[in-house]
Amino acid sequence: MSVKGVILVSVMVAMMAVMVKIYPNYPTGRMGVLFYYCTSSHQVRKEMNATKESLASLPVSPSTPVTFVIHGFTESSIRSWVISLTDALLAHDSKSVVILVDYWDLTTISRPYMMGNVRHIAGVTAHLIDLLVEEKGVRLANVHVIGFSLGGRISGLVGERIQTGTLGRITGIDASYPWLPPRTNSEFLDAGDADLVVNIRTSPVGSHSPPGHIDFYANGGLSQPGCQRWYFPEKVEQICSHYRAVWLMVEAVEHAGQGVFPACRCPDWESFQDHQCDCQIVNNFGLFPNSSILGNFFFSTHSVSPYSKPL
Ligand SMILES: *[C@@H]1O[C@H](CO)[C@@H](O)[C@H](O)[C@H]1NC(C)=O
Ligand SMILES: *[C@@H]1O[C@H](CO)[C@@H](O)[C@H](O)[C@H]1NC(C)=O
């Protein structure tokens, strides 16, 4: 191929990459951490800022449950799983408020600055939670932060940075640390970051994160059924398994309180598969895990939705 040909092909590949990878996530073109709140009384999300003035119009009272949803690397708050999860959370509790954290512009392009930006995103989000407590009387016990992938890691940093007390709950959805090995233990999402830290693990992408109070391993936590195809390179299989985690969460919230995703307490996946655990101690992955039984819980799923399977 001529030099011109190589350049032309490279430009076309780069444009395809932009269209396939970046455009669907619809960047706002605004640097910074953006917040949107959603309630069941209006279909459209509303923008808000982490300021006193912005909180004045937020429809929350001290008893309102508030859930934060933090997306992952290269994602934004208009990802379909974020929307499905928000809808499910509001359908489950019509008095609750969901706050979406959007930081697309801070990590997708400026990878060299990612770690600094991740700390910044966590700091602003923690500040917003402190303002909710101080200005609106929101109880930290009613605040639940849900973060996927890099967002799971950010959730841990948020819990750590809150000044007004201890966060009620964090759910880390295959929380991971892409290219950013934590420098200190405090940079991980771990059991110290909230009163209840629950993890769901589905892929090797999230396998380095330390234990929370309750750790659910879907299908062993490394590879998900339906993600193994002969034409899938290993990396694609891992990414497929990683994204499965958000859909397990969506299904768990859509069927909250209905006993979906029963999981056995077990030392490891092999013992679970070999029926070595007597499954005396069962917990359910989702909105209502039993917080008096902690440890590692294993469950298997179907390869397509609905994923939940009886034990
Ligand atoms: C949030 O802050 C931005 C930038 O300062 C401003 O343009 C926007 O109007 C603010 N939004 C709200 C809802 O206060
Ligand atoms: C939680 O688990 C404990 C210990 O197994 C059990 O006694 C209790 O009934 C469970 N709570 C719920 C709500 O299932």
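Note that ligands are numbered from 1 as they come in the structure, with each ligand's atoms numbered from 1 the same way.
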Would you say atom 7 (O) of ligand 2 makes contact with the protein, given that contact here means a non-hydrogen protein atom less than 4.0 Å away? no
Lys/Arg N to Asp/Glu carboxylate O, Arg201 vs Asp215, below 4.0 Å: yes
Measuring only between side-chain heavy atoms, which start at C-beta, is Asp102 closer than 4.5 Å to Phe35? no
Please work out which of Thr51, Leu58, Leu34, Asn49 has its closest non-hydrogen atom nearest to atom 14 (O) of ligand 1. Asn49
Where is the nearest protein heavy atom to atom 9 (O) of ligand 2: which residue, which atom, and how far? Asn290 ND2, 4.8 Å
So do Phe261 and Thr301 actually touch side chain to side chain, heavy atoms under 4.5 Å? yes
Atoms of ligand 2 close to Ser292 [distance to a heavy atom under 4.0 angstrom, numbered from 1]: 1 (C), 2 (O), 3 (C)
Can you find an N or O of Glu47 that's nearer than 3.5 Å to an N or O of ligand 1? no
Return the closest protein heavy atom for atom 5 (O) of ligand 2 as residue, atom name and distance. Ile293 CG2, 3.8 Å
For the rings on Phe148 and Tyr243, is their centre-to-centre separation under 6.0 Å? yes
Are His242 and Phe73, when compared by the centres of their aromatic rings, separated by less than 6.0 Å? no
